[in-house]
Colleague: 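Below is a structure I'd like to ask you about.
The shown structure was predicted, so the numbers you read here are calculated from the model rather than taken from an experiment.
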Amino acid sequence: MNYEDAHQLGRLILKLANTLIKNRNRHLEALGLTTSQADSLQYFLANPKSTVTDLKDYLEITHQTARGLVQRIEEKGLVSLTPSVVDGRCRSISPTENGKDLGVKMAHNREMTVLRLLSGMTEEEQETFYRLLKMAYENIKNEEKEMLS
């Protein structure tokens with residue numbers, strides 16, 4: 001691939017990423033959530049009865065930031081905290097019915113975005129797109145790890 005083609009490909013990838021991020025932010029704003037709150041709720045939907053420490057480790061953020069996120073989504077009635085049966089110092093966090101309902105709405109928005117993204121592609125093209133996108137992600141992720149070592 002020559003320099004100009006590589007440049008155009010890079011710009012197209014950035015435009016797609018920025019468009020997807022704007023789309024997600026618009027959907028989440030309509031649901032009254034920030035991206036961090038949505039990511040936190042998604043974590044607790046997939047991992048009920050987890051703790052703030054679990055969220056901290058998953059999102060790779062500070063404990064204080066994780067506590068703040070949990071507090072905000074609890075205030076919105078999306079999760080509930082109960083004392084842990086294992087360690088009384090910890091609280092288990094689980095989604096409420098409102099949190100589960102919001103999770104369904106977020107999943108619907110995600111599905112609609114994916115359908116738009118794949119629109120006009122044959123099933124074979126969709127499979128190829130997915131395979132190549134996954135490969136590209138792994139290549140960049142591996143490069144990041146190599147740079148850190």
Colleague: Answer whether the closest heavy-atom distance between the side chains of Leu102 and Asn98 falls below 4.5 Å.
Modeller: no
Colleague: Please check: side-chain N/O of Asn2 versus main-chain N/O of Asp5, any donor-acceptor pairing under 3.5 Å?
Modeller: yes
Colleague: Minimum heavy-atom separation for Pro48 to Pro95, with atom names?
Modeller: CB-CD, 4.1 Å
Colleague: Around atom NE2 of His108, are there more than 12 heavy atoms from other residues, nucleotides or ligands closer than 6.0 Å?
Modeller: no
Colleague: Mind checking the CZ-CD1 spacing from Arg26 to Ile21? Nearest 0.5 Å is all I need.
Modeller: 13.5 Å
Colleague: Can you check whether Thr35 reaches Arg24 side chain to side chain, under 4.5 Å on heavy atoms?
Modeller: yes
Colleague: Please assess Arg91 against Thr82 for the test side-chain contact (heavy atoms from CB on, under 4.5 Å), listing each intermediate value before the final yes or no.
Modeller: CA-CA 5 Å; Arg91 302 263 184 254; Thr82 56; over 6 Å; no
Colleague: What pair of heavy atoms forms the shortest contact from Val79 to Val70, and how long is it?
Modeller: CG2-O, 4.2 Å
Colleague: What pair of heavy atoms forms the shortest contact from Glu125 to Gly120, and how long is it?
Modeller: OE1-O, 4.0 Å
Colleague: May I ask whether Val114 and Met121 are part of the same hydrophobic cluster, defined by side-chain heavy atoms of I, L, V, M, F, W, Y residues being less than 4.5 angstrom apart, directly or through others?
Modeller: yes
Colleague: Take atom CD in Glu124; do more than 12 heavy atoms of anything else shown fall under 6.0 Å from it?
Modeller: no
Colleague: Determine whether more than 12 heavy atoms belonging to other residues, nucleotides or ligands lie under 6.0 Å from atom CZ of Arg116.
Modeller: yes
Colleague: Find the distance between OG1 (Thr53) and CZ (Arg67) and round it off to the nearest 0.5 Å.
Modeller: 10.0 Å
Colleague: Set out, in order, the CA-CA distance, both residues' side-chain angles and the distance that settles side-chain contact (heavy atoms from CB on, under 4.5 Å) for Phe129 and Leu117, then state yes or no.
Modeller: CA-CA 11 Å; Phe129 179 73; Leu117 180 68; 4.1 Å; yes
Colleague: With side chain to side chain donor-acceptor pair (under 3.5 Å) as the test, would you mind laying out the steps for Ser36 and Asp39 before giving the verdict?
Modeller: CA-CA 5 Å; Ser36 296; Asp39 291 343; 5.6 Å; no
Colleague: Side-chain contact test, heavy atoms from C-beta onward, threshold under 4.5 Å: evaluate it for Ile93 versus Lys49 and give yes or no.
Modeller: no
Colleague: Would you indicate whether the side-chain heavy atoms of Val52 and Leu69 approach each other to under 4.5 Å?
Modeller: no
Colleague: Give a yes or no on whether the backbone of Gln71 and the side-chain of Lys76 come within a donor-acceptor separation of less than 3.5 Å.
Modeller: no
Colleague: Does Glu29, at its CD atom, have more than 12 non-hydrogen atoms belonging to other residues, nucleotides or ligands within less than 6.0 Å?
Modeller: no
Colleague: Are the side chain of Ser119 and the backbone N or O of Leu115 linked by a donor-acceptor pair below 3.5 Å?
Modeller: no
Colleague: Do other residues, nucleotides or ligands put more than 12 heavy atoms under 6.0 Å from Glu123 CD?
Modeller: no
Colleague: How many angstroms lie between CD in Gln64 and NZ in Lys56, if you round to the nearest 0.5 Å?
Modeller: 13.0 Å
Colleague: Between Ser50 and Phe44 (side chain of the first, backbone of the second, donor and acceptor by atom type, cut-off under 3.5 Å), is there such a pair?
Modeller: no
Colleague: Is a side-chain N or O of Ser80 found less than 3.5 angstrom from the main chain of Thr96, in a donor-acceptor match?
Modeller: no
Colleague: Hey, does the side chain of Gln37 reach the backbone of Ile73 with a donor-acceptor pair shorter than 3.5 angstrom?
Modeller: no
Colleague: Is Leu41 reachable from Leu31 through a run of I, L, V, M, F, W or Y residues, each pair having side-chain heavy atoms under 4.5 Å apart?
Modeller: yes
Colleague: Does any N or O in the side chain of Glu60 come within less than 3.5 Å of the main-chain N or O of Asp57, such that one atom is a donor and the other an acceptor?
Modeller: no
Colleague: Judged by atom type as modelled, is there a donor-acceptor pair below 3.5 Å linking the side chain of Asn18 to the main-chain atoms of Leu14?
Modeller: yes
Colleague: Out of curiosity, Leu55 CG to Ser40 OG, how far, rounded to the nearest 0.5 Å?
Modeller: 4.5 Å
Colleague: Is the side chain of Thr65 donor-acceptor paired with the backbone N or O of Ile61 at a distance under 3.5 Å, no angle test?
Modeller: no
Colleague: For the atom pair CG (Leu33) and CZ (Arg72), what is the distance rounded to the nearest 0.5 Å?
Modeller: 11.5 Å
Colleague: To the nearest 0.5 Å, tell me how far Leu133 CG sits from Leu16 CG.
Modeller: 8.0 Å
